[in-house]
Enquirer: 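One structure follows; several queries about it will come next.
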There are 2 protein chains.
Amino acid sequence: MAPIKRGALAEEIVSYIREQILEGEMKPGEKIDQDAIGEFLDVSRSPIREALVVLGQEGLVVITPRRGAFVAEISPDDVIDHYELFGLVSGRVAAMAAESFTDEQLAELQGIHDRFAASSNDDHFKLNEEFHQLVNSVAPRRTRWLLRNLQRSIPSGFFETTPDWDAQAVRGHGEIVEAILARDVDAARRAMETHLHDAGVAAVEGLTAKGFWETEDD
Amino acid sequence: MAPIKRGALAEEIVSYIREQILEGEMKPGEKIDQDAIGEFLDVSRSPIREALVVLGQEGLVVITPRRGAFVAEISPDDVIDHYELFGLVSGRVAAMAAESFTDEQLAELQGIHDRFAASSNDDHFKLNEEFHQLVNSVAPRRTRWLLRNLQRSIPSGFFETTPDWDAQAVRGHGEIVEAILARDVDAARRAMETHLHDAGVAAVEGLTAKGFWETEDD
DNA sequence: GTTTTGGATTTTGTATTTAATATTTCTTAC
DNA sequence: GTAAGAAATATTAAATACAAAATCCAAAAC
């Protein structure tokens with residue numbers, strides 16, 4: 001691993017292990033060998049331990065005292081459930097946005113969405129982030145914190161793996177924008193909930209395509 | 001600190017620091033001195049560090065690389081917001097319970113509530129936990145996990161500090177029980193949301209009574 | 001008198017070491 | 001041949017050691 005700025009090593013390792021898990025390199029139930037990671041990344045076990053604690057809190061890793069850390073057993077139902085929760089909170093925030101967005105924010109939302117709808121694949125991810133970022137900006141602090149946490153412990157970037165997720169996302173965002181512009185609080189919530197429900201289904205598909213659920217049998 | 005079973009030291013320290021924060025011993029914004037805690041508890045910095053990472057993920061502590069760990073700046077609005085989120089998720093689960101509880105579960109819920117309503121102060125906490133535990137048992141895995149997390153990073157046990165929280169809680173639970181027994185999905189959700197909203201207000205009162213918001217000025 | 005700068009001190013982040021527990025393997029008894 | 005138990009091995013959790021960065025404090029410049 002390239003020499004990382006001192007003081008953020010643990011975070012770097014978190015990203016590494018998280019990616020390994022979400023990309024299916026480490027299978028659910030598999031034991032996470034601290035020494036192996038340390039040798040591979042050329043770091044000591046101290047930051048690795050801290051990284052595993054973070055991932056444990058995120059729910060991607062299960063730590064059993066004196067036994068070690070294991071990749072969490074995640075089922076399709078867990079992913080669906082997770083997105084459902086994500087949608088529940090996001091829906092609440094979308095409702096807030098429909099109520100409290102200023103005219104400037106409405107215009108900006110429309111602008112982002114227009115670019116999103118017209119964008120090439122490469123910008124999709126960025127514009128998608130901008131879209132949700134703007135909506136979530138009206139949420140109170142703790143809610144924003146929870147949304148960040150819910151987003152982190154999840155596979156993202158399905159624009160590549162799920163074929164027509166692009167079109168579906170554009171449609172979903174469109175309905176959300178429409179509802180917020182109309183200041184229809186309930187419709188905004190429902191549209192956001194639906195959008196994230198769909199995203200959950202897409203996530204399961206994406207993970208399936210990557211062979212995420214296939215168990216290690218050796 | 002009494003000698004703790006090896007392998008759970010970090011968790012023990014998490015509890016200790018969390019209590020220190022929620023009891024107002026450590027003030028928001030205050031720096032958390034790792035060496036001081038280590039000396040006081042007679043442990044090395046390794047498990048303390050892991051504890052701080054956990055608390056950082058919970059949002060009770062803010063870790064700044066190379067600067068150290070600080071008690072998070074929590075405002076009354078944050079606590080209200082937190083309980084609102086807690087209520088949002090719990091409400092969803094209450095709705096599930098209203099839909100899917102078996103007759104046995106309904107009877108058990110009624111039983112717990114009856115004992116709760118009649119109980120002395122000492123049992124209130126335990127019966128309150130049993131109540132929510134039973135309702136939450138119908139939630140899918142990830143939702144239960146989130147509820148546990150939301151509950152942990154929050155001050156609990158306001159039965160002592162907020163004078164008539166007892167009565168209010170009994171009333172709140174009563175409405176929830178009624179709605180679930182009637183299998184009224186929407187009423188169950190609303191009742192649970194209201195209950196946790198009230199709990200949030202009580203929490204702020206309790207924290208105020210403890211002088212939680214008073215800043216350290218030395 | 002205030003601000004800036006440079007070194008001393010403290011404290012963090014990571015590495016290394018030590019001690020304890022879990023796991024595996026091998027032996028022995030049935 | 002299988003099962004139980006004991007020794008060997010491996011791996012974790014915690015303690016200690018060390019290096020780098022941040023903070024503190026004092027002296028000097030403005």
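Residue numbers start from 1 in every chain, and the chains themselves are labelled A, B, ... in the order their sequence lines are given, proteins ahead of strands. Everything numeric here is computed off the predicted structure, so don't read it as measured data.
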Enquirer: Find the distance A:D42:CG to C:dT16:C1' and express it as a whole number of Å.
Expert: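 Roughly 14 Å, once rounded to whole Å.
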Enquirer: A:K31 side chain N/O closer than 4.0 Å to the phosphate oxygens (OP1, OP2) of D:dT11?
Expert: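 For D:dT11, neither OP1 nor OP2 has a side-chain N or O of A:K31 closer than 4.0 Å.
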Enquirer: What is the distance, rounded to the nearest whole Å, between atom CD1 of A:I48 and atom C1' of C:dT14?
Expert: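 A:I48 atom CD1 is separated from C:dT14 atom C1' by 11 Å.
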Enquirer: Provide, to the nearest angstrom, the distance between the CG atom belonging to A:D33 and the P atom belonging to D:dT12.
Expert: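 After rounding, the reported distance stands at 6 Å.
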Enquirer: Using 30° and 60° as the class boundaries, would you call the ring planes of B:F131 and B:H173 parallel, tilted or perpendicular?
Expert: parallel
Enquirer: Would you kindly give the CG-to-C1' distance between A:D35 and C:dT23, to the nearest whole Å?
Expert: 15 Å
Enquirer: What is the distance, to the nearest angstrom, from the CD atom on A:E11 to the C1' atom on C:dT14?
Expert: 15 Å
Enquirer: Would you kindly compare A:S46 and A:G68 by the position of their nearest DNA chain D nucleotide and give the one closer to the 5′ end?
Expert: A:G68
Enquirer: CG/A:L88 to OG1/B:T143 distance, rounded to the nearest 0.5 angstrom?
Expert: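 Reported to 0.5 Å precision, the distance equals 8.5 Å.
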Enquirer: Which pairs count as side chain to side chain donor-acceptor pair (under 3.5 Å) when at least one residue sits in residues 71-80 of chain B, sequence neighbours excluded?
Expert: A:R141-B:D78, B:S75-B:D78
Enquirer: Can you check the B:L52 CG to C:dT12 P distance for me, whole Å?
Expert: 9 Å
Enquirer: With respect to the side chain of A:P47, which nucleotide from D:dA15, D:dA17, C:dA15 is positioned closest?
Expert: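 The closest nucleotide is C:dA15.
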Enquirer: How close or far is atom C1' of C:dA15 from atom CD of A:Q34, stated in whole angstroms?
Expert: 14 Å
Enquirer: Compare side-chain N and O positions of B:S44 against OP1 and OP2 of D:dA14 and report whether any pair is under 4.0 Å apart.
Expert: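 Looking at the OP1 and OP2 atoms of D:dA14, neither is under 4.0 Å from any side-chain N or O of B:S44.
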Enquirer: Can you tell me how far P of C:dT14 sits from CZ of B:R45, to the nearest Å?
Expert: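 Interatomic distance, CZ of B:R45 to P of C:dT14: 11 Å.
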Enquirer: Of all the choices, C:dT12, D:dT12, D:dA15, which nucleotide is nearest to the side chain of B:L9 once you look at every atom?
Expert: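 Nearest to the side-chain atoms of B:L9, counting from C-beta on, is D:dA15.
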Enquirer: Check the orientation of B:H124 and B:F116. Use parallel for under 30°, tilted for 30 to 60°, and perpendicular for over 60°.
Expert: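 Geometry flag for B:F116 against B:H124: tilted rings.
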Enquirer: Is there a donor N/O on one and an acceptor N/O on the other, under 3.5 Å, for the side chain of A:R66 and the base of C:dT21?
Expert: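 Counting by modelled atom types and ignoring angles, no donor-acceptor contact under 3.5 Å is found here.
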Enquirer: Can you name the ring pair (Phe, Tyr, Trp, His ring centres under 6.0 Å) partners of A:H197, sequence neighbours left out?
Expert: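 Checked A:H197 against ring pair (Phe, Tyr, Trp, His ring centres under 6.0 Å); zero matches.
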Enquirer: Could you check whether A:R67 gets within reach of a base, just the sugar-phosphate, or nothing at all, counting any heavy atom under 4.0 Å?
Expert: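 Result for A:R67 = sugar-phosphate.
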